[in-house]
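Numbers for residues simply follow the sequence, beginning at 1. Whatever order the structure lists ligands and atoms in, that order sets their numbers, starting from 1. Everything numeric in this text was worked out from a predicted model, so none of it was measured.
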Amino acid sequence: MSTPRSTELFARALRLFPGGVNSPVRSFRAVKGTPFFVARGSGARLFDVDGRAYIDYVLSWGAVILGHADPRVTAAAQRAVEKGTHYGAPVPEEVELGELVQRCMPGLERVRFVNSGTEATMSAVRLARAVTGRDLLLKFDGAYHGHADSFLVRAGSGMATLALPGSPGVPEALARLTVVVPFNDLDAVRDVFRRYPGAVAAVIVEPILGNAGLIPPCGGFLEGLRELTREHGALLIFDEVITGFRAALAGAQGRFGVVPDLTTLGKVIGGGFPIGAYGGRADLMANVAPEGPVDQAGTLAGNPVAMAAGAAILRALADERPHAALESRGRRLVDGIGELARRRGLETWGDAVGGMWGVHFTRGPVRNFGDLARADQEVFSRFFHACLRRGVYLPPSPFETCFLSSAHGDPEIESTLDVVEAALDEATS
Ligand SMILES: *Cc1c(COP(=O)(O)O)cnc(C)c1O
């Protein structure tokens with residue numbers, strides 16, 4: 001595939017940025033490739049600097065739910081930016097977006113806007129530690145909660161042991177304040193509460209695991225977390241940075257009917273602008289400065305352009321309710337790819353929830369990251385490149401979720417399945 005302009009830009013980028021990128025997964029390392037540079041996007045498609053078009057299933061890692069350059073979002077952002085970019089003072093746009101978030105997700109009685117999902121999760125954990133007076137944090141293997149030190153940890157050896165640093169630079173003393181257990185395993189959670197009585201401040205969970213493929217919660221798992229945290233005086237934090245407004249308008253908490261104490265948001269609520277939010281029970285949020293003593297601030301937080309874009313998106317989602325249609329298109333992709341793979345002797349496992357879908361080259365069921373780690377990464381890598389050459393852009397890693405926007409119609413799904421058929425022939429030949 002000849003992409004001279006991307007090749008030239010990546011050579012320059014390598015002299016500037018570590019690995020040539022400003023966020024690691026963009027580098028295509030997991031699929032042993034080099035990235036294309038984007039010139040522009042429109043609806044379901046991306047156009048690269050060499051003039052090639054791709055049906056996009058990455059969609060800014062889930063942020064872009066109405067499709068690229070949606071006219072309603074563009075107009076809202078333009079109207080805002082013409083008045084000025086940011087003031088560091090309250091603006092009407094933040095009240096509007098805040099009220100929309102509150103209306104869609106009843107668990108968010110109070111909310112605070114920040115600039116990224118990482119800021120949202122680290123602030124929610126600080127708040128949880130402050131109000132419980134406890135230090136331990138429980139997270140699930142394979143979940144991603146941003147790049148703050150407390151989350152960049154890996155499981156210690158044996159069940160329910162304290163975690164080890166997951167990256168150089170994360171202090172061991174801090175890693176030991178996190179415990180990592182398998183997703184969908186309530187017994188493991190129970191064991192942590194038994195082993196560390198009165199010490200767990202919060203359980204943080206992606207209610208649908210979206211950073212280790214797409215792994216939905218087993219029946220009763222989220223309800224079980226709700227009961228266990230209540231019983232042991234810990235807070236339940238749903239990290240809905242991906243699932244918020246994507247799994248359903250009311251997020252995974254609306255879809256599964258389990259209301260957490262705190263929720264973190266990002267991605268969709270800014271529609272491609274830098275944003276994050278955390279919120280939840282009013283009595284807990286009352287502890288955040290300046291109402292309470294828990295410090296947390298942001299010079300650019302509540303940026304009017306991001307707020308206006310986010311409000312345009314939430315209004316469109318509330319009017320159009322696209323989630324059922326997104327899910328049925330995702331289901332067509334999962335079933336279609338599964339059938340085409342089976343005819344070529346490949347086993348797959350996949351699922352679709354709202355605007356998220358995923359197919360993995362492994363025999364199911366996949367209930368946690370350990371199950372997913374057995375998937376065939378070599379086949380995925382060949383499949384990824386074979387799709388890309390034919391104009392279908394999947395996430396460049398076997399451990400990511402694919403996304404859909406409301407701009408992906410039946411014609412896009414049909415062309416994608418045609419591409420998949422040819423790509424599977426190439427990947428298995
Ligand atoms: C992307 C993501 C984050 C981090 O958000 P950033 O905006 O990249 O900092 C946190 N949690 C989940 C579940 C995510 O998918």
Side-chain angles (χ1 to χ4, degrees), residues 21-27 57-65 105 112-128 137-153 166-167 178 180 183 202-217 222 225 236-248 251-253 255-256 260 262-280 296 298 300-303 306-307 309-310 313 353-358 368-369 372 395-397 399-403:
V21 290
N22 286 300
S23 193
V25 74
R26 296 177 196 171
S27 72
Y57 290 102
V58 179
L59 292 163
S60 180
W61 303 93
V64 177
I65 197 169
M105 291 180 124
R112 164 67 55 88
F113 286 116
V114 292
N115 299 300
S116 69
T118 298
E119 269 187 67
T121 52
M122 60 191 258
S123 307
V125 167
R126 180 182 303 143
L127 176 59
L137 176 66
L138 188 152
K139 77 173 279 272
F140 295 93
D141 193 21
Y144 179 69
H145 301 296
H147 65 87
D149 287 352
S150 295
F151 306 117
L152 291 186
V153 299
S167 160
T178 304
V180 184
F183 188 68
V203 171
I204 185 166
V205 63
E206 288 184 69
I208 299 164
L209 199 47
N211 282 285
L214 167 62
I215 309 182
L222 298 176
L225 293 181
L236 181 59
I237 306 174
F238 275 7
D239 181 355
E240 297 227 45
V241 170
I242 287 183
T243 53
F245 311 103
R246 188 169 263 293
Q253 55 196 268
R255 180 164 179 132
F256 296 112
L262 294 173
T263 299
T264 55
L265 297 168
K267 297 186 175 129
V268 166
I269 47 164
F273 287 93
I275 200 169
Y278 67 104
Q296 188 273 305
L300 295 172
N303 174 272
M307 297 289 118
I313 286 164
V353 186
M356 313 162 68
W357 63 280
N368 57 44
F369 184 61
L372 185 68
S397 155
F399 300 119
E400 300 290 344
T401 294
C402 302
F403 296 101

Distance under 4.0 Å to a non-hydrogen atom of [X]: what atoms of ligand 1 satisfy this?
X      : result
Ser116 : 7 (O), 9 (O)
Glu206 : 13 (C)
His145 : 10 (C), 11 (N)
Asn211 : 12 (C), 13 (C), 14 (C), 15 (O)
Ile242 : 15 (O)

From Leu209 CG over to Ile242 CD1, what is the distance, rounded to the nearest 0.5 angstrom?
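If we round to the nearest 0.5 Å, Leu209:CG and Ile242:CD1 are 9.0 Å apart.
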
Q.
Can a side-chain donor-acceptor contact be found between Arg112 and Gln296 if the only test is distance below 3.5 angstrom?
A.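 Their side chains do contain a donor-acceptor pair, which is all the 3.5 Å distance test asks for.
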
Distance alone, cut at 3.5 Å: any donor-acceptor contact between the side chains of Thr264 and Asp239?
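A donor-acceptor contact under 3.5 Å links the two side chains.
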
Q. Relative to ligand 1, is Lys267 under 4.0 angstrom through side chain, backbone, both or neither, heavy atoms considered?
A.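 Side chain only; the backbone of Lys267 stays clear of ligand 1.
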
Among all the protein's non-hydrogen atoms, which is closest to [atom], and how far away is it?
atom                    : answer
atom 7 (O) of ligand 1  : Gly117 N, 2.8 Å
atom 11 (N) of ligand 1 : Asp239 OD2, 2.6 Å
atom 12 (C) of ligand 1 : Tyr144 O, 3.2 Å
atom 8 (O) of ligand 1  : Thr118 OG1, 4.5 Å

When the ring centroid of Trp357 is compared with that of Tyr57, is the distance short of 6.0 Å?
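For Trp357 and Tyr57, the ring centres are under 6.0 Å apart.
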
Donor-acceptor pair, [X] side chain versus [Y] backbone, under 3.5 Å?
X      : Y      : answer
Thr178 : Ser150 : yes
Thr401 : Gly210 : yes
Arg246 : Gly355 : yes
Glu240 : Pro207 : no

Looking only at distances, can you tell me whether any N or O atom of Thr121, backbone or side chain, sits closer than 3.5 Å to an N or O atom of ligand 1?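 By distance alone, the answer is no.
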
